[in-house]
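Read the structure below first, then the notes.
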Amino acid sequence: MSDPAPTTTAGSEVRRGTRSGAVGLVGAAVNGLLGFVLTLVIVRGFGPTGSGAIFTAIGVVTIVGVLCCAGADTALVWAMPRRRLGTRGDAARLLPVALIPTLLGSVVVAVVGVALVGPLAPVLFDRPGGDGPALLRLAFATLPLTVAMTVLIAAVRAVRPVTAVVAVQYVLVPLVRPLLVLAAVAGGAGVVLAFGGWLFPAALAALACALMLLGPLGLTSGAGLRPERADWRTFWGFALPRAASAAIDASSMWLSVLLTTALAGQADAGVLGGVGRYVLAGLLVMQGLRVAVAPQLSRLLGQGRTGDAALVYRRTTIMIIVLSWPAYLVLGFFAPGFLSLFGPEFGAGATAMTVLAGAMMVNSGVGIVQTMLLMSGNSGRHLMAAATGLVLNVGLAVVLVPRHGVLGAAVAWAVGIVVENLLAARAARTAVGEPLLTGAVLRAGALAGAGTAVVATVGATVAGRGVAGLTLTVALLLAGGLLLLLDRRVRRVVRAAAATLRPTAGNRHDEGAPDRTAVAGAGGTKEMG
């Protein structure tokens, strides 16, 4: 009977999480860079008004797409590792359980959405008779494709190494999008064709994921696809409670963009979209680590090893803080310099970016508490925290955006972010029963924050908050990092981290197919989608 997982030490669990996290971090870095390139192409090519229209259409796809997925993507990541793979396995039976309802639902929503374009377009877009109706028709018409891509990526995440997900979600899609949008700009095409270029990579990703699932699920060698009644009940019993909070999580920025469009206009929405792209880029560190360590946390919590799970959480959170806080402090100090890269019209968003950078420091400072909360089985508490943040965001936006525009939207969004994360942190601490934010985490935040703040203050004082001050600050930070490497103790820590990140013959399984010990874990845990 003995399951091998309990014999692993807490240290080995941390090393396992760190190795997988390294792959996720590389993917996050690539995704962040390519996402910035995409935003730069859009805002430079179409200006605040045109980019606002494109960002609004992307917001519609993002929010409606998550609603149509109804938590099925998260449920696949949770359920498939607990099933047998291959020809004789039962994991393949979950594909139709996940795909049939979501695709049928998305087709119905697409038909209704196309039929309602007339009354919807004036609400979401400034110019009557402009590109708004065509953008909405295209967004709704391709909705089933977007949903299929999301669900299939989740299945790949459950049965393939993390490198497969990184290759599709963090490299293929974000690489093709700016190339196609740039081609539209260079060819003198309008926003509709550019938005089509943003949508097209979903087809490539869906096809790539379908091919990657054939082998592990035994689909080419006769694996059964006919689900049993219990498969439907178990799968959707898990998925539906997660659906609402998943929609809130995935749509936070785009909801703010849509509210800003409706309450202030497309130009303000375009500025907020550019600001949001910068602000969300820092979260890619957390997302990359979450993708890598979430299945591990699921296994540990499922086996009742809350102490080991908390240790992995704390180490991951320290990595998030050390990598994210300097970036957010620099972003807040030098918001005018960053936004000047988009064009002079975007300078109005500088104060809004500083406000949101502070909120995101709270978000990244509590680490992956929302993942811990979900995977401990407390989806209800997670939904309560997310819903509270949403209500505050929407309520404050209605009051502040008509009077203060982009800054009002940023303040509303920031308040929602901070309250949601503080509520989730408190709930996760109670649910897990282990200390999460310890002295080591707080010291890491203090050192990373204070050091960066001092350097940024010097840079802003000497050269201002524009590109010159930004360049000077980044140079000083890099020089400080190199000086730290002269310290023997720092070099020893770096060498130890590098050794941990290197895959060896003994740990390749950790980055390969899901560990069978995960199947032995108790069910009922939740995974961040």
Side-chain angles (χ1 to χ4, degrees), residues 14 17 21 74 241-242 244-246 248-250 252-253 279-280 282-294 296-298 300-301 305-325 327-329 355-393 412-449 525-529:
V14 171
T74 304
R242 169 65 179 136
S245 60
I248 296 172
D249 290 339
S252 59
M253 170 184 164
V279 169
L280 292 181
L283 292 185
L284 290 171
V285 171
M286 182 157 60
Q287 291 167 3
L289 289 169
R290 174 187 292 147
V291 165
V293 305
Q296 179 189 9
L297 290 175
S298 175
L300 292 173
L301 291 171
R305 299 169 64 188
T306 55
D308 289 347
L311 183 60
V312 172
Y313 161 83
R314 289 193 294 269
R315 182 64 62 86
T316 304
T317 299
I318 289 174
M319 294 172 65
I320 291 170
I321 289 174
V322 169
L323 293 172
S324 297
W325 276 25
Y328 278 126
L329 282 167
V355 170
L356 285 169
M360 289 301 180
M361 288 182 69
V362 176
N363 191 352
S364 55
V366 298
I368 52 173
V369 290
Q370 304 205 35
T371 303
M372 289 285 283
L373 184 59
L374 285 166
M375 304 177 86
S376 65
N378 287 274
S379 59
R381 290 184 180 180
H382 179 267
L383 177 57
M384 186 178 300
T388 302
L390 175 67
V391 169
L392 287 171
N393 184 4
W413 186 11
V415 171
I417 289 168
V418 171
V419 171
E420 176 184 347
N421 279 278
L422 292 180
L423 290 175
R426 181 178 178 182
R429 171 66 177 86
T430 303
V432 176
E434 296 284 344
L436 298 179
L437 299 176
T438 60
V441 178
L442 297 176
R443 284 192 297 273
L447 290 172
T525 57
K526 301 275 182 180
E527 159 107 37
M528 192 76 171

Side-chain touch Ile320/Trp325, heavy atoms, less than 4.5 angstrom: no
Could you pull out the closest heavy-atom pair between Val279 and Tyr328, with the gap in Å? O-OH, 2.6 Å
I'd like to check the side-chain hydrogen bond (donor to acceptor under 3.5 Å, both in side chains) partners of Ser324; sequence neighbours left out, ordered by chain and number. none
Taking the side chain as every heavy atom from C-beta outward, state whether Met360 and Asn363 have any atom pair closer than 4.5 Å. yes
Looking at Pro435 and Thr438, what are the two nearest heavy atoms and their distance? CB-CG2, 4.0 Å
Please determine whether side-chain contact (heavy atoms from CB on, under 4.5 Å) holds for the pair Val369 and Tyr313, giving the CA-CA distance in whole Å, both sets of side-chain angles, and the decisive distance to 0.1 Å. CA-CA 8 Å; Val369 290; Tyr313 161 83; 3.1 Å; yes
Show the nearest heavy-atom pair for residues Thr316 and Ile368, with the distance to one decimal. CG2-CD1, 4.2 Å
Please round to the nearest 0.5 Å and tell me the distance separating atom CG of Leu311 and atom OG1 of Thr306. 11.5 Å
Restricting to non-hydrogen atoms, name the atom on Ile321 and the atom on Ala448 that form the minimum distance, rounded to 0.1 Å. O-CB, 4.4 Å
All heavy atoms of Val322 vs all of Ala444, minimum pair found to be CG2-CB, 4.4 Å
Drop me the distance from Leu447's CG to Leu442's CG, to the nearest 0.5 angstrom. 11.0 Å
Would you be so kind as to tabulate the donor-acceptor pairs closer than 3.5 Å made by side chains of residues 419-433, with sequence neighbours excluded?
residue	atom	partner	partner atom	Å
Glu420	OE2	Gln370	NE2	3.3
Asn421	OD1	Gln370	NE2	3.4
Asn421	ND2	Ile417	O	2.8
Arg429	NE	Glu434	O	3.4
Thr430	OG1	Arg426	O	3.1

